[in-house]
Chemist: 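Just passing along the structure, written as structure tokens.
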Amino acid sequence: MAQKEFAGQMVEVNEEGYFTNPQQWNKEIAVAVAKEEGIELTEKHFAVLEYLRNRHNAGEALTIRSIGKSGVVETKDFYALFPGAPLKKATKIAGIPKPTGCI
Amino acid sequence: MSTEKESPLKKVCIICSKGSIEDVYAALVMTNGAVMEGIEAKLFFTFFGLDAITKKQMNKLKTSTVGNPAMRMPGGLPFPTLLGVLPGVEAGVSAMMKSQMEALDIPPVEEFFELITAGGGEIYACKLAMDMFKLKKEDLSEHVKGVLTIGQFYELASGDHTQIIFT
């Protein structure tokens with residue numbers, strides 16, 4: 001199990017950089033992780049991160065389709081907020097595991 | 001363990017030439033999956049695959065209940081081809097497949113196109129097959145970006161780390 005420092009705090013991460021303990025997450029850490037991914041977090045980003053964390057805590061699987069339907073963010077805006085691979089990036093920044101689904 | 005790839009895939013061009021539910025969805029899942037990974041994706045429909053982007057047909061795709069040895073009854077018993085020819089059986093099996101896909105959060109065809117295009121993926125139709133089936137651009141879903149010749153398709157597929165996948 002690797003440890004990585006974000007915003008002066010040590011966090012446990014797996015080999016791909018995803019948090020293994022979502023409890024260690026906080027907003028300062030999120031800003032630091034996002035910076036590494038080349039993203040400057042805004043309120044809109046945090047709304048999405050909050051939603052993803054809640055869904056994860058409720059034990060639900062995350063798909064781009066369900067995020068687009070959530071009312072929190074449109075699919076197009078989700079891609080714009082987290083360019084490239086949005087679901088992978090957003091979950092990494094949200095301190096939750098990488099989604100394993102295909103949709 | 002390092003997950004660094006030496007030369008990640010940059011672009012996929014996927015060709016769908018068949019119009020059954022499973023053929024169309026294989027292409028849709030692969031295209032959407034590429035978009036989700038940040039890979040540039042172009043999806044090209046030709047021959048019977050055109051049903052998937054034709055407004056009249058796209059929401060009525062079926063799966064074949066005859067000549068499909070992998071088809072099973074619920075419970076796993078073989079599905080006799082003779083049963084598959086009865087009226088309504090193909091529609092029933094297709095409806096069942098769609099409801100099972102919906103349960104897995106797999107969207108209907110049109111919504112799948114929305115997801116793909118929202119992420120920057122592009123959908124095209126084959127000009128030759130359109131001519132063959134007497135289809136016009138107006139007959140196609142609004143998500144279709146254009147009608148291409150095979151030459152134009154290959155132009156789209158240019159560049160390093162591009163794959164062409166035929167389904």
Side-chain angles (χ1 to χ4, degrees), chain A residues 1-4 12-20 33-34 36-39 44 48 51-52 55-56 58-94 96-103, chain B residues 1-12 14 21-43 97-123 141-143 145 161 165 167:
Chain A
M1 197 67 68
Q3 288 219 335
K4 204 167 168 184
E12 282 175 18
V13 294
N14 69 10
E15 63 273 13
E16 287 184 299
Y18 286 83
F19 286 39
T20 50
V33 180
E36 232 175 54
E37 296 289 324
I39 296 170
K44 192 75 196 160
V48 175
Y51 171 76
L52 294 179
R55 286 281 306 270
H56 172 71
E60 289 170 51
L62 292 167
T63 63
I64 295 217
R65 183 193 191 196
S66 61
I67 292 163
K69 281 183 162 182
S70 64
V72 177
V73 64
E74 298 270 322
T75 308
K76 207 170 185 165
D77 298 332
F78 185 47
Y79 274 97
L81 288 171
F82 302 93
L87 201 51
K88 279 162 85 176
K89 278 190 186 171
T91 47
K92 190 184 248 185
I93 298 168
I96 56 178
K98 182 176 164 184
T100 51
C102 293
I103 308 290
Chain B
M1 200 177 75
S2 166
T3 54
E4 256 180 29
K5 295 170 214 141
E6 273 181 23
S7 55
L9 199 50
K10 282 193 190 146
K11 186 174 4 175
V12 288
I14 296 167
I21 292 178
E22 63 272 26
D23 289 304
V24 169
Y25 270 86
L28 287 170
V29 170
M30 289 188 78
T31 308
N32 185 58
V35 170
M36 281 169 55
E37 292 294 312
I39 300 169
E40 193 180 339
K42 321 277 185 201
L43 178 54
M97 236 167 106
K98 283 180 189 169
S99 72
Q100 283 172 355
M101 291 196 302
E102 178 64 44
L104 288 172
D105 210 19
I106 304 176
V109 175
E110 188 144 29
E111 196 189 327
F112 228 146
F113 287 148
E114 279 167 27
L115 285 179
I116 289 168
T117 52
E122 293 171 359
I123 294 151
S141 156
E142 60 188 36
H143 298 292
K145 195 172 177 196
H161 306 302
I165 301 163
T167 69

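In the text below, chain A, chain B and the rest are named by the order of the sequence lines, each starting its count at 1.
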Chemist: Counting only heavy atoms closer than 4.5 Å, note whether B/Glu111 contacts chain A via side chain, backbone, both or neither.
Modeler: side chain

Chemist: Which heavy atom of A/Tyr79 sits nearest to which heavy atom of B/Val35, and what is that distance?
Modeler: OH-CG1, 3.2 Å

Chemist: Output the distance between atom CD1 (A/Ile64) and atom CD1 (B/Ile116), rounded to the nearest 0.5 Å.
Modeler: 11.0 Å

Chemist: Compare every heavy atom of A/Cys102 with every heavy atom of B/Met36, then report the nearest pair and how far apart it is.
Modeler: SD-O, 4.3 Å

Chemist: State, with a plain yes or no, whether a side-chain heavy atom of B/Glu114 is found less than 4.5 Å away from one of A/Thr75.
Modeler: no

Chemist: What's the spacing between A/Ile103 CD1 and B/Asp105 CG if we round to 0.5 Å?
Modeler: 7.5 Å

Chemist: Ion pair present between A/Lys89 and B/Glu37, side-chain N to carboxylate O less than 4.0 angstrom?
Modeler: no

Chemist: Got a second to check how far B/Thr117's OG1 is from A/Lys76's NZ, nearest 0.5 Å?
Modeler: 7.0 Å

